[in-house]
Engineer: 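To start, I am sharing the structure in question, which I have written as structure tokens.
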Amino acid sequence: MNFNLQNITRKNISSLQPYSSARDEFTGEASVFLDANENPFNAPWNRYPDPRQLELKIRLSQLKGVSTPSIFLGNGSDEPIDLLFRAFCEPGIDNVVAISPTYGMYRVAADINNISYREVLLEEDFSLNAGKVLAATDSNSKMIFLCSPNNPTGNALDQTEAVRIVTEFNGLVVLDEAYIDFCPEKSLINVLNQFPNLVLLQTLSKAWGLAGIRLGMAFASPEIISILSKIKYPYNINLLTQEKAVEMLQFPDQKESWVETILLQKKKLITELSKLPVVLKIYPSDANFILVQTTSAKKIYLALVDRQIIVRDRSKVALCGEALRITVGTEGENQLLIEALKEIGNWKM
Ligand SMILES: *Cc1c(COP(=O)(O)O)cnc(C)c1O
């Protein structure tokens, strides 16, 4: 491998002099803050939040076993995804390669940044073929997007294939692990240090039950992280989010217990779904959702909407046929879904 971060960083980003906020220029202990034109009243909300999010990063560092200079925090995972394009891809010239089907935000971020987006179909069983992905790259390919467990298919990608891509590609490999708390043994976070071109994305939006506060994480070499930090909005993580995240991260057992419950309910849901005539196939899932091949995705989707139950129709997505993506809910919610599908299954589709 011939990875060189300097070579793939856009020139304007390499030479950028970042904005320096009041909170950047003074970080020590003090009691009188007259440096940021804040209102002196209405504490603590009157103060700008920590632009480096140090307390939160220290907690995450302990939890994830990754040092703080290897952690970037964003307004959801969407922020690091967008910043990666802005830092490394020259609009109108560079391209990225991604598996298909996968999470829709990579393409949207590519389109916004005018970067051509090359899709490589997964195999019929949604497994990853490293050779095919690598074959789709050329000298203007700056990033490869992988997602494991993958959305909407639900399966974790083969680690050997993923590592082969990381090892053989000269650009960045962005591996989105948004659902990794549901199968932590499949994470590459423990080998992050071995790969200078690997960027892992994780989030508090799924297993941690914090989608509302918008906190996404990127883990990578300190060199990559410092480039992202240099170009982010100074106060990208607001005070409420930082405080709530710090609070919740004290209770990893709560998250573990939710994960356990959700995985148990997933198993039950799969058992019940597999008995229904409208269900043709259930794909293996390592996440908190399942992809289900049905007799008619659109009709079932609409019939469920009539019963105030919303699932995701994935029938327009590559390789997905007549699939619905179903999030595992509470036992009661899952039961309502099963009852509704039983009713629907009694009609002629
Ligand atoms: C849900 C999801 C995310 C989370 O995005 P946030 O912006 O952090 O809420 C990221 N990637 C994938 C593949 C997802 O499905």
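Just follow the structure's listing: the first ligand is 1, and inside any ligand the first atom is 1.
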Engineer: Is the positively charged end of R23 above the ring of Y48, judged by distance under 6.0 angstrom from the centroid and angle within 45° of the axis?
Structural biologist: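 No, R23 and Y48 do not form such a contact.
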Engineer: Can you give the donor-acceptor pairs under 3.5 Å from side chains of residues 191-201 to other protein atoms, not counting sequence neighbours?
Structural biologist:
| residue | atom | partner | partner atom | Å |
| --- | --- | --- | --- | --- |
| N197 | ND2 | V166 | O | 2.9 |
| N197 | ND2 | F169 | O | 3.2 |
| N197 | ND2 | G171 | O | 3.1 |

Engineer: Salt bridge (Lys or Arg N to Asp or Glu O under 4.0 Å) for E322 and R314? Distances and angles first, verdict last.
Structural biologist: CA-CA 7 Å; E322 293 293 322; R314 298 287 77 185; over 6 Å; no
Engineer: Does ligand 1 have any N/O pairs with the protein under 3.5 Å, and how far apart?
Structural biologist:
| residue | atom | partner | partner atom | Å |
| --- | --- | --- | --- | --- |
| ligand 1 | 7 (O) | S77 | N | 2.9 |
| ligand 1 | 7 (O) | R214 | NH2 | 2.6 |
| ligand 1 | 8 (O) | S77 | N | 2.8 |
| ligand 1 | 8 (O) | S77 | OG | 2.8 |
| ligand 1 | 8 (O) | T203 | OG1 | 2.7 |
| ligand 1 | 9 (O) | S205 | OG | 2.7 |
| ligand 1 | 9 (O) | R214 | NH1 | 2.8 |
| ligand 1 | 9 (O) | R214 | NH2 | 3.3 |
| ligand 1 | 11 (N) | D176 | OD1 | 3.4 |
| ligand 1 | 11 (N) | D176 | OD2 | 2.6 |
| ligand 1 | 15 (O) | N151 | ND2 | 2.8 |
| ligand 1 | 15 (O) | Y179 | OH | 2.6 |
| ligand 1 | 15 (O) | K206 | NZ | 3.3 |

Engineer: Take the angle between the ring planes of Y103 and Y106 and call it parallel below 30°, perpendicular above 60°, tilted in between.
Structural biologist: perpendicular
Engineer: Could you tell me whether E79 and R214 make a salt bridge, using a distance below 4.0 angstrom between a side-chain N and a carboxylate O?
Structural biologist: no
Engineer: Are the charged groups of R325 and D313 less than 4.0 angstrom apart, N to O?
Structural biologist: no
